[in-house]
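Here the structure comes first, spelled out in structure tokens, and everything after it is commentary.
What you see is a predicted model, and the numbers here were worked out from it, not measured in a lab. When reading the values below, keep in mind they use all heavy atoms of this one structure, side chains included, and skip hydrogens, waters and symmetry mates.
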Amino acid sequence: MLAPAQALKKGWDKIKKEWKLAFFSAFVIGLLIHMPILLADIPNHDGLDSMYFDQNMITSGRWFLTVACGFSSYYTIPWVIGLLGLLYLSITAAALTELLEVKKGWAIVAVSGLLTAFPALVSTFAYVFTLDGYMLALLLAVLAVLFTKKYRYGFLPGGFCLALSLGTYQSYLAVAMLLSVFAIMMLAMEQTGWKDKVKRGLRYLYMGLLGAVLYYVILQVLLQLQGKELDTYQGISGMSSGISGGILGRAAGMYRDFAGFSVKGNVLFNNGISGAAWLLLICAALAAGVFLAVKRKWWKSPWFFIIMIIALIVQPLVCNVILLVSPGVNYHLLMRYQWVLFPVGMIAFIEKYSGELRQGAVLEWAALAAAFVLVFFYGVTDNIGYSNLHKRYEKTYAYCVRLLDRIEQTPGYYPGIPIAMIGVVGDEQFPVTDITLPVTSGMIGINGDSLLYTGENYRLFMKHFLGATLNILPPEAMAEMYDHPEYIAMDSFPGENSIRIIDGILYIKTENLH
């Protein structure tokens, strides 16, 4: 039996140097960019309700999330959760470089940097209470495709990984599907027979079918055991009925959404320099493709072009696959991480085939420059978002201190008095002060001025951060009072008549909707 030091050294020596570089690049860059949120304890509006949360979200189809998040406990402890999340993401970077066959150091660092800096990750970090589970789901989605590619029967463990990924967060299905398309494109470019290519390409279909069936069967069994049904939130319940309605209309909507987010989403690029970097990277990838096609005489094979054109056409559909089942879903930024695979894929393509091309060195420099610019400006964008999230907390804290003082000073107030309130902070009395909207407008969980949207948000913020326990009634308690003349006549906070007791209930009017 080997001693611990010998066993560790033997295991370390077996790890490919490319994997090590990818892992440590992602981890270090991740720490440099996301340290502000890991060292703070700043909730967003959903985080207020998740200071302790067992993550049992089976009604949302996430039957594995409670296990995935269980390693860090169910308390919101950003440093521990963040380190675990970065650990999973760093392993993902290593797995992705293996899947895309990235070998050169500059490309590995570029891929790792893009994975950790892409702004969709900032929204995920803003929901830090579930970050580690989501990053594990991302890793499982990448491993599903990697196993399928590397081994003859790899679609079996790949399907199992995909089922676990779907059971944690369904949105990473798009990551697995897009990587499968990339793998098939790489397969088409190999200089082997078409019979072998078709045989190997079908593995990805087998993996997807097996993963979907396993996920659905396990979901239905657990729903029956717990006596629950799928929620209507984000169209989750639509999974049981499958695709309905006009499929052509849905496909058109998916293309429109893809184009709208890519061009106007204020995420892929939000200034001229990052836009120029995207243009440079796209031009370099297109040039590499043209040069390679001429060198390998692909123009003699019409089937090659048919496969490539089909692969390019389906990529926008794959990115928006959730819209196929639920066209009304709110496709927020957490669900758009798969867009990072486009610059990653272009860098991998340039790096892999540049050695065959006379212009290879120029193309690599172009790709490296574009990747550096994107990682830098994505990192800046991320920290602008984190800065605003901190300011949202500070503004909310100041607002709630003032509100709590007024509540406790109201004549007739006593601890435990029933309190009815709407919850939204009125923008007439408190104008928008968020100066980051030109950058963060599309970053859910990060943008805005306040953490407060419901009466429950008030209750939880005051409980966790002000040490006050308020008996805030559920929204239905306002049903009869909302259109009552006495309520309409009340001022909005901080107006003098914004808090009053009527029939034993303390009413708080936070915005003037009448």
Looking at Leu452, is its backbone amide N or carbonyl O close enough to the side chain of Ser450 to form a donor-acceptor pair, meaning the two atoms are under 3.5 Å apart?
yes

Hey, could you give me the CE/CG distance between Met189 and Leu292, rounded to the nearest 0.5 Å?
7.5 Å

According to ring pair (Phe, Tyr, Trp, His ring centres under 6.0 Å), does anything in residues 88-122 pair up with another residue at least two apart or in another chain? List the pairs.
Phe118-Tyr378

Under the criterion side-chain contact (heavy atoms from CB on, under 4.5 Å), I'd like the reasoning laid out for Thr148 against Tyr206: C-alpha separation, chi angles, the key distance, then a yes or no.
CA-CA 9 Å; Thr148 303; Tyr206 303 152; over 6 Å; no

Residues 254-272 vs salt bridge (Lys or Arg N to Asp or Glu O under 4.0 Å), sequence neighbours excluded, gives Asp257-Arg336

Holding to salt bridge (Lys or Arg N to Asp or Glu O under 4.0 Å), I want the full list of residues that pass it with Lys150, two or more places apart in sequence or in another chain.
Glu98

Hey, mind stepping through Leu136 and Asp132 against side-chain contact (heavy atoms from CB on, under 4.5 Å) and telling me if it holds?
CA-CA 6 Å; Leu136 180 57; Asp132 51 342; over 6 Å; no

Would you say Leu312 has more than 12 foreign heavy atoms packed within less than 6.0 Å of its CG?
yes

Which pair of heavy atoms, one from Thr440 and one from Gly385, lies closest together, and at what distance?
CG2-CA, 3.9 Å

Distance-only, no hydrogens or angles: does the Tyr204 side chain make a donor-acceptor pair with backbone N or O of Leu179 under 3.5 Å?
no

Strictly by salt bridge (Lys or Arg N to Asp or Glu O under 4.0 Å), give each pair with a member in residues 368-396 just once, sequence neighbours left out.
Lys395-Asp449

Rounded to the nearest 0.5 Å, how far does OG1 of Thr124 lie from CG of Leu131?
7.0 Å

List for me each residue that meets salt bridge (Lys or Arg N to Asp or Glu O under 4.0 Å) alongside Arg203, sequence neighbours excluded, and say none if there are none.
none

How far apart are the C-alpha atoms of Gln338 and Tyr172, what are their side-chain angles, what is the distance that settles it, and do they pass the side chain to side chain donor-acceptor pair (under 3.5 Å) test?
CA-CA 7 Å; Gln338 58 270 24; Tyr172 294 129; over 6 Å; no

Once rounded to the nearest 0.5 Å, what's the spacing between atom CG of Leu202 and atom NZ of Lys197?
14.5 Å

Counting only N and O atoms by type, is there a donor-acceptor contact under 3.5 Å from the side chain of Arg62 to the main-chain atoms of Tyr169?
no

List the residues meeting side chain to side chain contact (heavy atoms under 4.5 Å, CB included) with Leu21, not counting sequence neighbours, and say none if there are none.
Ser25, Ile108, Val109

Could you tell me whether the side chain of Ser354 and the main chain of Glu364 form a donor-acceptor pair under 3.5 Å?
no

Neighbour count >12 (heavy atoms, 6.0 Å) for atom OH, Tyr74
yes

Would the distance check show the side chain of Gln315 and the main-chain N or O of Val181 forming a donor-acceptor pair, the cut-off being under 3.5 Å?
no

Evaluate the side-chain contact (heavy atoms from CB on, under 4.5 Å) criterion for residues Met135 and Leu87: first the C-alpha distance (whole Å), next the side-chain angles of each, then the deciding distance (0.1 Å), finally the verdict.
CA-CA 9 Å; Met135 292 298 95; Leu87 174 65; over 6 Å; no

Can you name the ring-ring contact (aromatic ring centres under 6.0 Å, His included) partners of Phe261, sequence neighbours left out?
Trp339

Can a salt bridge be assigned to the pair Lys104 and Glu351 using a cut-off of 4.0 Å between side-chain N and carboxylate O?
no

Give, for atom CZ of Phe71 and atom CG of Leu84, the distance between the pair rounded to the nearest 0.5 Å.
9.0 Å

Sorted by chain and residue number, the side chain to side chain contact (heavy atoms under 4.5 Å, CB included) partners of Lys9 (sequence neighbours excluded) come out as Asp13

For Lys199, look at atom NZ and say whether over 12 heavy atoms of other residues, nucleotides or ligands are found less than 6.0 Å away.
no

Considering non-hydrogen atoms only, spot the tightest contact between Tyr331 and Val321 and give its length.
OH-N, 4.1 Å

Report the distance from atom CG of Asn447 to atom CG of Leu333, rounding to the nearest 0.5 Å.
10.0 Å

Once side chain to side chain contact (heavy atoms under 4.5 Å, CB included) is applied, do any residues pair with Ile309, and if so which ones, sequence neighbours excluded?
Ile313

Parallel, tilted or perpendicular: which describes the rings of Phe342 and Phe182, with under 30° parallel and over 60° perpendicular?
perpendicular

First locate atom CD1 of Ile33, then atom CG of Asn383, and finally report the distance between them rounded to the nearest 0.5 Å.
7.5 Å

Residues forming a side chain to side chain contact (heavy atoms under 4.5 Å, CB included) with Ser441, sequence neighbours excluded:
Asn266

Any donor-acceptor pair under 3.5 Å from Asn320 side chain to Leu323 backbone:
no

For residues 151-168, tabulate all N or O donor-acceptor pairs below 3.5 Å that involve a side-chain atom, not counting sequence neighbours.
from, atom 1, to, atom 2, distance (Å)
Ser165, OG, Ala137, O, 2.8
Thr168, OG1, Leu164, O, 2.8

Test your reading of the model: is there a side-chain donor-acceptor pair from Ser274 to the backbone of Asn271, 3.5 Å cut-off?
yes

Can you tell me if CZ on Phe376 sees more than 12 non-hydrogen neighbours from other groups inside 6.0 Å?
no

For Asn457, is there any backbone N or O sitting under 3.5 Å from a side-chain donor or acceptor partner on Asp49?
no

Parallel, tilted or perpendicular: ring planes of Tyr127 versus Phe129, cut at 30 and 60 degrees:
perpendicular

Could you work out, with salt bridge (Lys or Arg N to Asp or Glu O under 4.0 Å) as the rule, every residue matching Arg296, not counting sequence neighbours?
Glu356

Ring centroid separation Tyr75 to Phe53 under 6.0 Å
no

Among Leu32, Ile91, Leu89, Leu83, side chain to side chain contact (heavy atoms under 4.5 Å, CB included) partner for Phe27
Leu83

